[in-house]
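Structure, as structure tokens:
So that the names make sense, note that chain A is the first sequence line, chain B the second, and so on, each numbered from 1. These numbers come from the heavy atoms of this one structure, side chains and all, not from hydrogens, waters or symmetry mates.
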2 protein chains.
Amino acid sequence: MTHIHNHSNCIQTALNNASQLCSQRGVQLTDIRKQVLELIWENHHAVKAYDLLERIKPLQAAAKPATIYRALDFLREQGFIHRVESLNAFIGCCDLKTAHEQLLLICKQCNDVEERHADLVMQALAQELRNAKFVAHSKSIEVHGLCENCSQTFNEEISA
Amino acid sequence: MTHIHNHSNCIQTALNNASQLCSQRGVQLTDIRKQVLELIWENHHAVKAYDLLERIKPLQAAAKPATIYRALDFLREQGFIHRVESLNAFIGCCDLKTAHEQLLLICKQCNDVEERHADLVMQALAQELRNAKFVAHSKSIEVHGLCENCSQTFNEEISA
DNA sequence: ATGGTGATTGTTACAATATAACATATCATG
DNA sequence: CATGATATGTTATATTGTAACAATCACCAT
């Protein structure tokens, strides 16, 4: 994620892609699902399920935990979002086209989550799994730390 | 993890190493902490905090959630256990000597968790983090699937 | 030995995350 | 417009994890 970008593009792209893929797949991007996806895309932070619940209530007065978790399940099955395991939280998937296995870089400072393909990491991992004779069904690679911007800020602060 | 092994060795080694490291570090491996570590090492499955709570009650009648979570915090700080993020569960660390960043292979069938060094994966990841200019504080790599034994069993079943 | 200090544990209460189960409504299609 | 599948409403509860403060214990200097 570059620090400065036109985020409304991100949202629009995500919604358009999801909409199109749902049509292709014959599944329904209902109001609730779309609203949840839109709320997740409000920024590049990982979002908690109960935060989504609070934020969807103006739109869906009847919303309950199950409302959110069902929408999240759907969006995950369709590959539109990732679950950040180490945070019990969720982020929009930036890359619906290619393989849905990515590296997540989670900044402790600004809370942004950056998604990266990291082909070489995935290749090395695939080799390691062959060595281990382990048949993988799903992979999660999550790194916590400071993103480029925040580590710069940090350095400026301590040298000031 | 090989399927057949003398597990009492695993437990003894883990407890001895922990004990020795605590002495070196001037921290206390109290009864509770030792008992929790021993319970975690009862097998190579990931263990849930509240399962530990039930299982420590015969030994510590007063045990409450905080009892377990405090012990888990301590054991993690000391690097004696890993938290399996994708399971909200914990396993003993098999490798106290080298870097504490490993690949966890989690079998859906038998629930065993295998820890692997995966140097090449870590190298590729380090390179990717340099590319991203991301300063890592902690890493979690978790793969769900079938271990060697269980995938063999599975193949035998479907060919039978 | 003894008293002070920080570390550890006891205890109560509660917050945060997630699911089960069943009723109702909506949709897509014949 | 009837029907089955999909989606949502609703209530209740299970699971996971913390906060806050009191009591106790371990260690060290005197």
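Residues passing the side chain to side chain contact (heavy atoms under 4.5 Å, CB included) test with Lys108(A), sequence neighbours excluded: His144(A), His137(B). With sequence neighbours excluded, the residues satisfying side chain to side chain contact (heavy atoms under 4.5 Å, CB included) with Arg70(A) are Ala66(A).
Residues of residues 14-26 of chain A having a heavy atom closer than 4.0 Å to DNA chain C: none are found.
One N or O on the side chain of Arg55(A) and one on the backbone of Leu39(A) form a donor-acceptor pair closer than 3.5 Å. For His44(B) (side chain) and Ile91(B) (main-chain N/O), no donor-acceptor pair under 3.5 Å exists by modelled atom type. Looking at Asp51(B), its side chain never comes within 3.5 Å of a backbone N or O of Val47(B) through a donor-acceptor pair. Between the Gln102(B) side chain and the Arg116(B) main chain, no donor and acceptor come within less than 3.5 Å of each other.
Each end of the helix from dA1(C)-dT30(D) to dG30(C)-dC1(D) gets its own axis from five base pairs, and the two axes differ in direction by 30°, given to 10 degrees.
No hydrogens or angles considered: a donor-acceptor pair under 3.5 Å links the side chains of Asp95(B) and His117(B). Side-chain atoms of Glu142(B) and Ser86(B) form a donor-acceptor pair, as typed in the model, at a separation below 3.5 Å. Side-chain atoms of Asp119(B) and Gln123(B) form no donor-acceptor pair, as typed in the model, at a separation below 3.5 Å. Between the side chains of His82(A) and Glu115(A), at least one donor N or O lies within less than 3.5 Å of an accepting N or O.
One finds the CD atom of Glu38(A) at 12.0 Å from the CG atom of Leu52(A) (value rounded to the nearest 0.5 Å).
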Any N/O pairs under 3.5 Å between the protein and nucleotides 6-11 of chain C? List them or say none.
unit_1  : atom_1 : unit_2   : atom_2 : d
dT8(C)  : OP1    : Arg33(B) : NH1    : 3.0
dT8(C)  : O5'    : Arg33(B) : NH2    : 3.4
dT9(C)  : OP1    : Thr30(B) : OG1    : 2.6
dG10(C) : N7     : Arg70(B) : NH1    : 2.9
dG10(C) : O6     : Arg70(B) : NH2    : 2.4
dT11(C) : O4     : Arg70(B) : NH2    : 3.4

Atom pairs under 3.5 Å: protein N/O with N/O of nucleotides 15-17 of chain D:
unit_1  : atom_1 : unit_2   : atom_2 : d
dT16(D) : OP1    : Lys48(B) : NZ     : 2.7
dG17(D) : OP1    : Arg83(B) : NH1    : 2.7
dG17(D) : OP1    : Arg83(B) : NH2    : 2.9
dG17(D) : OP2    : Tyr69(B) : OH     : 2.9
dG17(D) : O5'    : Tyr69(B) : OH     : 3.4
dG17(D) : N7     : Tyr50(B) : OH     : 2.6
dG17(D) : O6     : Tyr50(B) : OH     : 3.3

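Partner of Leu29(B) under the side chain to side chain contact (heavy atoms under 4.5 Å, CB included) criterion, out of Gln78(B), Lys34(B), Gln20(B): Lys34(B) alone.
Summarising the geometry, the separation between CG on Leu29(A) and P on dT6(D) is reported as 17 Å, rounded to the nearest angstrom. Computed from coordinates, the Leu53(A) CG to dA15(C) C1' distance equals 15 Å when rounded to whole Å. The CG-P distance, from Asp73(A) to dT17(C), rounds to 16 Å in whole Å.
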